[in-house]
Peer 1: 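Let me begin by handing over the structure; questions about it come next.
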Amino acid sequence: MTAQTPERLIFEGREHSMCSEPLGDFFGLGGKRPEFRSPHTACWRGYVGTWEVIDGRLYLTQLKGWLKSGEEATLETVFPGYGERVFAHWFTDTVRLPQGKQIKYVHMGYGSTYERDLLLRFSKGELIERSVRENGTGEPDAPEGYGIAALTTLGNRSGES
Amino acid sequence: MPYWQCYLVIGLVLAVPMVAILAKEIWVSLSERAKRPAPAQALRSYVLVVLVTTILWPLFVPFILYEKWTSRRDEKQRKSEERIFAPGKEDLVSSFTVEEIEAHEVVNDPLGGAPRLPFGHLHEAWEKFLTELPAGTQLWSYAVVWENRWRTQEQREGYVAVVDDGIGPFFETVNYRLEDQA
């Protein structure tokens with residue numbers, strides 16, 4: 001397995017890498033999942049979402065997905081009629097936003113450790129708690145922010161790669 | 001049949017499970033020693049096991065019984081680790097009518113990011129759940145901390161059908177790992 005491409009979250013005017021997948025919860029709770037395909041080994045889920053916290057609520061505002069049919073998936077593909085934003089009312093969990101220098105790289109999932117994690121806890125899509133978890137201090141020459149060391153690009157049936 | 005013949009027949013019968021139990025160990029042991037599979041040596045070992053078991057089988061009965069017991073226990077444990085979540089009676093919280101649940105679960109987003117329906121974007125899944133309910137179903141909410149096969153605790157909540165004291169299909173609304181929480 002390869003380290004995975006994070007989702008993006010815009011929170012208090014700043015864009016963060018988000019090591020959590022609220023859309024996965026939607027599919028897990030019974031939401032219809034299009035037939036995504038993995039574009040590369042760093043995105044097995046087949047999509048990358050952009051999320052935003054607006055007035056204390058979590059919204060999915062953009063979606064770029066790769067479908068097995070060769071077409072690109074957008075918000076409209078998963079949520080017809082809601083192409084501008086989707087309120088993540090199904091989401092009750094904590095999202096992790098890694099910050100600072102990398103302390104330990106793990107080439108699997110979201111396993112790498114960073115100096116801090118900003119943790120945002122949501123209940124039915126509403127932000128109910130925020131906290132910061134300190135994980136230690138990175139080496140002076142350690143990379144800043146979330147990163148993936150390597151990935152393999154995968155083709156699809158229609159020949160796209 | 002004379003007594004000594006009966007004794008040897010029982011021994012011969014018991015030699016079969018003995019060979020089955022020891023076959024893997026013998027093969028691995030010989031292969032490791034010879035650094036390669038050793039069929040001739042393995043065959044000699046099996047013949048020896050059959051002969052010894054046939055003659056001295058009363059000594060091996062406890063061993064065979066122990067092996068049977070441990071393999072059953074391991075199988076039971078493997079099955080329990082593969083278990084799939086389903087709420088139990090002890091997880092039930094309160095009973096509701098469909099109307100009460102739907103009134104409580106309407107999603108109301110001021111920015112219009114979800115349909116104003118019970119369970120919002122999951123309304124279709126809810127409707128499908130309702131069509132699958134057996135006649136005479138009573139709906140209950142449930143909440144439970146469940147340990148999955150990786151020994152991770154999950155908070156799981158939702159609604160479940162209860163029919164004649166039995167647990168039916170369920171509609172999950174919350175599922176998160178407790179160790180990830182802030």
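Naming: A, B, ... by sequence-line order, numbering from 1 per chain. Heavy atoms only: backbone and side chains are in, while hydrogens, waters and symmetry mates are out.
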Peer 1: Between atom CG of B:Asn175 and atom CH2 of A:Trp90, what is the distance when rounded to the nearest 0.5 Å?
Peer 2: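 Answer for the CG-CH2 pair, B:Asn175 versus A:Trp90, is 15.0 Å.
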Peer 1: So which part of A:Phe91 gets closer than 4.5 Å to some heavy atom of chain B, the side chain, the backbone, both or neither?
Peer 2: neither
Peer 1: Going by heavy atoms in the side chains, are B:Tyr176 and A:Arg121 under 4.5 Å from each other?
Peer 2: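 Yes, at least one pair of side-chain atoms sits under 4.5 Å.
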Peer 1: Can you find a side-chain donor-acceptor pair between A:Tyr59 and B:Asp109 that sits under 3.5 Å?
Peer 2: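 Distance-only check passes for A:Tyr59 and B:Asp109.
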Peer 1: For A:Glu84, look at atom CD and say whether over 12 heavy atoms of other residues, nucleotides or ligands are found less than 6.0 Å away.
Peer 2: no
Peer 1: Working to the nearest 0.5 angstrom, can you tell me the gap between A:Thr92 OG1 and B:Glu157 CD?
Peer 2: 7.5 Å
Peer 1: Looking at B:His121, is its backbone amide N or carbonyl O close enough to the side chain of A:His89 to form a donor-acceptor pair, meaning the two atoms are under 3.5 Å apart?
Peer 2: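 Checking the backbone N and O of B:His121 against the side chain of A:His89, a donor-acceptor pair under 3.5 Å is found.
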Peer 1: Need one label for A:Arg57: side chain, backbone, both or neither, based on atoms under 4.5 Å from any heavy atom in chain B.
Peer 2: side chain
Peer 1: Please list, in residue-number order, every residue in residues 111-120 of chain B that has a heavy atom less than 4.5 Å from any heavy atom of chain A; write 'none' if there are none.
Peer 2: B:Leu111, B:Gly112, B:Gly113, B:Ala114, B:Pro115, B:Phe119, B:Gly120
Peer 1: A:Phe26 and A:Phe87: same hydrophobic cluster, using ILVMFWY side-chain contacts below 4.5 Å?
Peer 2: no
Peer 1: With only heavy atoms counted, which part of A:Leu60 is less than 4.5 Å from chain B, the side chain, the backbone, both or neither?
Peer 2: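 Neither the backbone nor the side chain of A:Leu60 comes within 4.5 Å of chain B.
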Peer 1: Using a 4.5 Å heavy-atom cutoff, which residues in residues 124-145 of chain B come close to chain A?
Peer 2: B:Glu124, B:Ala125
